[in-house]
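Okay, structure first, notes after.
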Amino acid sequence: MTATAFFAPCPRGLEAALADELRALGADVVAAPPGGVRFEGDATIGFAANLHSRIASRVLQQVAHAPYRTEDDLYRIARDTEWERWHEPLASLRIDTTAIGAPVRSLQFATLRIKDGLVDRLRERFGERPSIDRQRPDRRVFAFLEAGRCTLYLDWSGESLFKRGWRREGVDAPMKENLAAGLLALSGWTPGTPLLDPFCGSGTIVVEAAMIAAGMPPGAQRRFAFERMRGFDRDAWDRMRRVAPRPAPASASIFGSDVSEAALAAARSNLARCGADPAWVSLRQLDALHLDRAPAEAGLLLANPPYGERLDVKGRQSLAHADAFWPAFATLLKQRFSGWTACLFSSDLALPQRLRLKPSKRTPLFNGALECRLFRFEMVAGSARRPKDGATDDGPREA
């Protein structure tokens, strides 16, 4: 049987972690270009990637890849694609087009020609024309145009995979769930290792960690677009979903705190909805500068500390607006978290200078379009201070 070609987009900087995740699911990883991973496998690999991937943003099946010169060529490519293999006669659809150096008049016109080719093909096969629905389509098609080649993808996910189904409606978060899962992977955290997020907000990092500890698939509480496709193998999907999670840990080793009671209320609600045992996670209202002690002799502190606009939220750390906040937080880390690893994710690329600490590693990442770093600090007795006039290095390196 010929393997199906897939592409899984992800937050930039997490390609290698996603490739490792997909390999563990049995996928044949082909390449990891910026922004995603190309892989191959049968339909069950596509199911598994949607159900189990914590890092992917979507799972897309490549259905066409051909050269083009004009918009009429795009029409031909779309019309020659066997959409009837996956598309029901009356299923609605949406087409999204992105381009890099494409010789087209406009993306809108290119999208129109792709749409015309697709619906003409289906009308010829079924005698009916599918409707276009931009808001809640049954099927989504993604077109990617390069200078001389067009690739068409069929979306297997539906809503983005970071939408696990546990986040309370109307609660904003500074990072998406799959980025939080990626940070956990890059930090090297494993269940059983004490984990602390002292700026936990609505709990994205600690909830993701609880689901990992429970062995719960991130997609266990949601539906996927492939379930509405023609030829969908319901029996194979049901067998995959019946796999039981791993046993629960013997005791809680995940800790979160935040100065905002409203944020903690959202975190408790999210934790209750995620399906993991809420007792595994200890949450408390506390200013980060008032952490009296580390919750264990060694562990991982992983956080997205407030910066910029987030510092203006009422009730945030009392010294957050002052230059004194970051040195005070660094002092707290050195005095009370000796033996711990601290991983801080921030769009403030000068954070090590503010902390006056030297990172052992800095990993470039993106939170949407925002360039960020994951700074890693090994908190040993007498942690090294960064000289005030020290040069910065924006590439990953070991101290």
Side-chain angles (χ1 to χ4, degrees), residues 11 159-160 162-184 194-214 216 218 221-222 252-295 300-322 324-326 328-329 332-333 336-337 342-348 351 354 367-368 370 372:
E159 286 196 301
S160 295
F162 76 84
K163 295 184 178 180
R164 318 291 204 212
W166 53 256
R167 187 175 294 284
R168 192 173 67 181
E169 294 296 327
V171 174
D172 294 329
M175 72 169 68
K176 293 181 171 63
E177 290 83 334
N178 61 334
L179 177 54
L183 297 180
L184 286 162
L195 173 70
L196 168 65
D197 181 356
F199 308 96
C200 73
S202 60
T204 308
I205 289 175
V206 296
V207 172
E208 283 295 305
M211 293 186 69
I212 293 170
M216 296 185 61
Q221 298 186 45
R222 52 164 289 165
S253 57
I254 302 171
F255 306 86
S257 59
D258 199 278
V259 72
S260 167
E261 180 53 41
L264 286 176
R268 294 187 186 100
S269 175
N270 291 333
L271 187 60
R273 290 158 58 95
C274 80
D277 189 338
W280 301 350
V281 180
S282 173
L283 296 173
R284 62 173 178 162
Q285 183 180 9
L286 187 69
D287 187 310
L289 296 182
H290 296 163
L291 285 166
D292 49 359
R293 59 185 175 82
L300 172 70
L301 186 152
L302 175 62
N304 176 206
Y307 178 69
E309 291 183 0
R310 290 178 66 211
L311 294 183
D312 295 329
V313 177
K314 184 178 180 180
R316 282 286 173 194
Q317 278 66 28
S318 57
L319 294 178
H321 294 279
F325 175 77
W326 299 112
F329 185 63
L332 179 145
L333 292 177
R336 300 176 188 175
F337 286 84
C343 289
L344 302 179
F345 176 73
S346 181
S347 60
D348 179 7
L351 184 61
R354 300 183 194 282
N367 187 0
L370 191 62
C372 301

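Just the heavy atoms: all of them, side chains too, but no hydrogens, waters or symmetry mates, feed the values below. The structure presented is a predicted model; accordingly, all values stated were derived computationally and were not measured.
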*Rounded to the nearest 0.5 Å, what separation is found between the CG atom of Asp287 and the OG atom of Ser257?*
9.0 Å
*How far does CD1 of Ile205 sit from SG of Cys343, to the nearest 0.5 angstrom?*
10.0 Å
*Mind listing the closest non-hydrogen atom pair of Asn270 and Ser202 along with its distance?*
ND2-O, 3.0 Å
*Indicate yes or no for a side-chain donor-acceptor contact from Asp197 to the backbone of Gly256 under 3.5 Å, with no hydrogens or angles considered.*
no
*For Thr204 and Asn304, run side chain to side chain contact (heavy atoms under 4.5 Å, CB included): C-alpha distance rounded to whole Å, both residues' side-chain angles, the deciding distance at 0.1 Å, then the answer.*
CA-CA 10 Å; Thr204 308; Asn304 176 206; over 6 Å; no
*Could you tell me whether the side chain of Ser346 and the main chain of Asp348 form a donor-acceptor pair under 3.5 Å?*
yes
*Of the non-hydrogen atoms in Ala303 and Phe199, which two are nearest, and what is the gap between them?*
CB-CD1, 3.8 Å
*Return the minimal non-hydrogen interatomic distance between Leu283 and Cys200, and the atom names on each side.*
CD2-SG, 4.3 Å
*asked:* Closer than 4.0 angstrom, basic N to acidic O: yes or no for Glu261 and Arg268?
replied: yes
*Write down the atom of Leu332, the atom of Ala288, and the distance for their closest heavy-atom approach.*
CD1-O, 3.4 Å
*Are side-chain heavy atoms of Leu289 and Phe325 found at a separation under 4.5 Å?*
yes
_Value rounded to 0.5 Å, distance of CG in Asp277 from CE in Met216_ = 11.0 Å
_From NZ (Lys176) to CZ (Phe162), nearest 0.5 Å_ = 4.5 Å
_Taking the basic N atoms (NZ, or NE/NH1/NH2) and the acidic carboxylate oxygens, is any pair closer than 4.0 Å for Glu177 and Arg167?_
yes
*Below 4.5 Å, heavy atoms only, C-beta onward: do Pro194 and Leu196 meet side chain to side chain?*
no
_Side-chain donor/acceptor of Arg164 to backbone N/O of Cys274, under 3.5 Å_ = no
*Shortest non-hydrogen contact from Met175 to Leu183?*
CE-CD1, 3.6 Å
*Spacing of CZ belonging to Phe255 relative to CG belonging to Leu291, to within rounding of 0.5 Å*: 12.0 Å
_Using the side chain to side chain contact (heavy atoms under 4.5 Å, CB included) definition, which of the options Asn367, Leu302, Leu351 pairs with Phe345?_
Asn367
*Nearest heavy-atom pair of Asp258 and Ala263: which atoms, and what distance?*
OD1-CB, 4.1 Å
